[in-house]
Protein chains: 2
Amino acid sequence: MKSEQIKKLKNAGLKLTSSRLLTLGAFSSLCKPQNADDIYKKLKKLTGKDKIDLVTIYRTLTSFEQTGIVKKVNLQKDSVYYELANSHHHHIVCTVCESVEEFNLCGIEKTTKDVLKKSIKFNSIAQHSLEFFGVCKKCTKNEKRSVKKFSPSSLNPQCQRN
Amino acid sequence: MKSEQIKKLKNAGLKLTSSRLLTLGAFSSLCKPQNADDIYKKLKKLTGKDKIDLVTIYRTLTSFEQTGIVKKVNLQKDSVYYELANSHHHHIVCTVCESVEEFNLCGIEKTTKDVLKKSIKFNSIAQHSLEFFGVCKKCTKNEKRSVKKFSPSSLNPQCQRN
DNA sequence: TTTTTAATTGCAAGTTGTTTGCATTTATAA
DNA sequence: TTATAAATGCAAACAACTTGCAATTAAAAA
Ligand SMILES: [Mn+2]
Ligand SMILES: [Mn+2]
Ligand SMILES: [Zn+2]
Ligand SMILES: [Zn+2]
């Protein structure tokens with residue numbers, strides 16, 4: 001599987017540098033969306049000193065995305081999160097503790113078809129983004145006196161007729 | 001419909017200021033997701049001089065969101081887009097010209113149930129975000145020599161087994 | 001209506017996440 | 001090995017957004 005990704009890098013004419021291999025490792029070792037800074041901190045810890053500059057990580061992530069190794073995930077946070085692009089799946093995000101659960105079922109093929117049928121401007125869809133938000137069991141328990149760290153749009157109580 | 005929103009403002013104990021009314025107008029006059037700067041420019045044009053500061057628009061949007069008048073839309077862009085919160089719907093976004101089409105069908109109730117059934121960490125879902133991406137008809141035609149302005153993750157050609 | 005009060009605004013300055021320019025380093029092709 | 005183009009680190013720039021504070025203003029009280 002890792003060789004799969006290395007193949008992609010080579011195919012794209014990208015050099016097999018240590019930064020890239022380390023970043024790849026950061027993704028493979030943890031199946032969870034990560035942002036540039038997550039990876040930066042992880043590699044700093046792993047490799048001892050500041051082996052890789054944060055700027056390099058940004059550039060690496062961009063090239064990984066263009067190569068199709070990773071893709072962006074919509075977590076409604078204020079930085080960009082990426083994960084390996086090797087399986088199509090979606091997420092539920094806890095709006096209190098920000099923990100993320102993946103689920104493999106997608107089930108919007110029919111919706112996609114219906115959308116296309118009704119659409120005036122489009123006749124094909126290349127991609128979709130589907131994420132769920134809620135409060136996880138753990139946080140529901142603790143919610144008595146916990147403060148919300150982050151809250152996506154329509155989560156607020158006044159939100160009507162959805 | 002506008003009075004509905006004004007009611008919300010009053011309910012939330014917010015003053016009925018001209019900035020807020022103008023911003024409300026900016027949303028009502030155009031059924032398309034907008035970011036702070038869109039509204040800023042629109043109001044500048046509309047009201048002549050710099051009637052409202054951009055900072056005020058940011059603050060207004062935040063309070064509108066908390067009040068449930070608007071909600072955020074996930075357009076995979078680098079700024080936050082909002083639209084009126086008065087109907088549950090989703091979007092298809094053209095990844096070339098960024099034009100947006102809305103569609104009212106949702107159809108992921110079943111998926112939501114399935115997800116909850118399988119979920120280990122969650123037992124309820126408060127919200128979901130579902131957007132489609134593709135190249136619109138117009139841009140498909142012109143695509144011979146057009147340059148992509150913006151491209152979300154998995155849209156790139158190398159993206160595999162999705 | 002006038003006064004009072006607390007919310008709202010504009011301006012300047014700050015923060016955060018991300019990008020760019022450029023000289024130096026490094027993987028790979030020759 | 002050497003040559004070469006790509007990749008990196010560092011400093012600086014940027015864009016989107018937030019904050020502090022004094023001045024303004026909507027709405028409550030008088
Ligand atoms: Mn995932
Ligand atoms: Mn919409
Ligand atoms: Zn949680
Ligand atoms: Zn288009």
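Throughout, a chain's letter reflects where its sequence line sits, starting with A, and its residues are numbered from 1. Scope of the values below: all heavy atoms of this structure, side chains included, with no hydrogens, waters or symmetry mates.
- For A/Leu54 and C/dT16, the CG to P distance is 14 Å, given to the nearest whole Å.
- Between the P atom of D/dG9 and the NZ atom of A/Lys44 lies a distance of 12 Å, rounded to the nearest Å.
- Between the CD1 atom of B/Ile6 and the P atom of D/dA26 there is a distance of 14 Å, rounded to whole Å.
- When hydrophobic residues (I, L, V, M, F, W, Y) are linked wherever their side-chain heavy atoms come within less than 4.5 Å, the members clustered with B/Leu116 are A/Ile92, A/Phe103, A/Leu105, A/Ile108, A/Val115, A/Leu116, A/Phe122, A/Ile125, A/Leu130, A/Phe132, B/Ile92, B/Phe103, B/Leu105, B/Ile108, B/Val115, B/Phe122, B/Ile125, B/Leu130, B/Phe132.
- Rounded to an integer number of Å, the gap from A/Lys72 NZ to C/dT18 C1' is 11 Å.
- Atoms CG (A/Leu61) and P (C/dG17) sit 14 Å apart, rounded to a whole Å.
- In this structure, the side chains of A/Gln127 and B/Gln76 come closer than 4.5 Å at one or more pairs of heavy atoms.
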Report all side-chain donor-acceptor pairs from residues 12-22 of chain A shorter than 3.5 Å, counting only partners two or more places apart or in another chain.
residue	atom	partner	partner atom	Å
A/Thr17	OG1	A/Arg20	N	3.3
A/Arg20	NH1	A/Lys15	O	2.8

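- Between the CG atom of B/Asp78 and the P atom of C/dT20 there is a distance of 11 Å, rounded to whole Å.
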Filtered N/O pairs between nucleotides 19-21 of chain D and protein, under 3.5 Å:
residue	atom	partner	partner atom	Å
D/dG20	O6	B/Arg59	NH1	3.4

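- The closest donor-acceptor contact from the side chain of B/Ser29 to the backbone of B/Gly25 lies under 3.5 Å.
- One can place CG of A/Leu21 at 15 Å from P of C/dT26, the figure rounded to the nearest angstrom.
- Between the OH atom of A/Tyr82 and the C1' atom of C/dT18 there is a distance of 10 Å, rounded to whole Å.
- Between the side chains of B/His90 and A/His128, no donor-acceptor pair is found at a separation under 3.5 Å.
- Put simply, the side chain of B/His91 reaches to within 4.5 Å of the side chain of B/Pro33, judged on heavy atoms.
- Side-chain atoms of B/Tyr40 and B/Lys42, non-hydrogen and from C-beta on, never get closer than 4.5 Å to each other.
- Projected onto DNA chain D by closest heavy-atom contact, B/Tyr81 and B/Leu16 fall at different nucleotides, the more 5' of which corresponds to B/Tyr81.
- Residue contacts for A/Asp37: at a heavy-atom cut-off of 4.0 Å it reaches no nucleic acid atom on any strand shown.
- Contact annotation: B/Thr17 side-chain N/O to C/dT9 OP1/OP2 distance is under 4.0 Å.
- B/Asn35 is linked by a side chain to side chain contact (heavy atoms under 4.5 Å, CB included) to B/Asp37, B/Asp38, B/Ser79, B/Tyr81, counting only residues two or more places apart in sequence or in another chain.
- Using five terminal pairs a side, the axes of the helix from C/dT1-D/dA30 to C/dA30-D/dT1 at its two ends make an angle of 30°, given in steps of 10 degrees.
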### Query
What is the per-nucleotide protein-contact pattern of nucleotides 1-6 of chain D, from the 5' end, where B denotes a base atom under 4.0 Å from a protein heavy atom, S denotes such proximity for sugar-phosphate atoms only, and - denotes neither?
----BB
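- Across all strands shown, A/Lys51 has heavy atoms under 4.0 Å from sugar-phosphate atoms exclusively, and none from any base.
- Among the protein residues, B/Ser19 comes within range of the sugar-phosphate backbone only, with heavy atoms under 4.0 Å from sugar or phosphate atoms but none that close to a base.
- Linking ILVMFWY residues whenever their side-chain heavy atoms come closer than 4.5 Å, directly or via other members, places B/Ile6 and B/Val70 in the same cluster.
- Within the 4.5 Å cutoff, no side-chain heavy atoms of A/Gln34 are placed close to those of A/Glu83.
- Contact annotation: A/Ser79 does not reach the phosphate of C/dG17 (side-chain N/O to OP1 or OP2, under 4.0 Å).
- Remark: B/Tyr58 is in phosphate contact with D/dC17, judged by side-chain N or O atoms under 4.0 Å from OP1 or OP2.
- Using a 4.5 Å heavy-atom threshold, the side chains of B/Lys32 and B/Glu101 count as separate.
- Note on B/Leu24: it does not cluster hydrophobically with B/Val55, by side-chain heavy-atom contacts below 4.5 Å among ILVMFWY residues.
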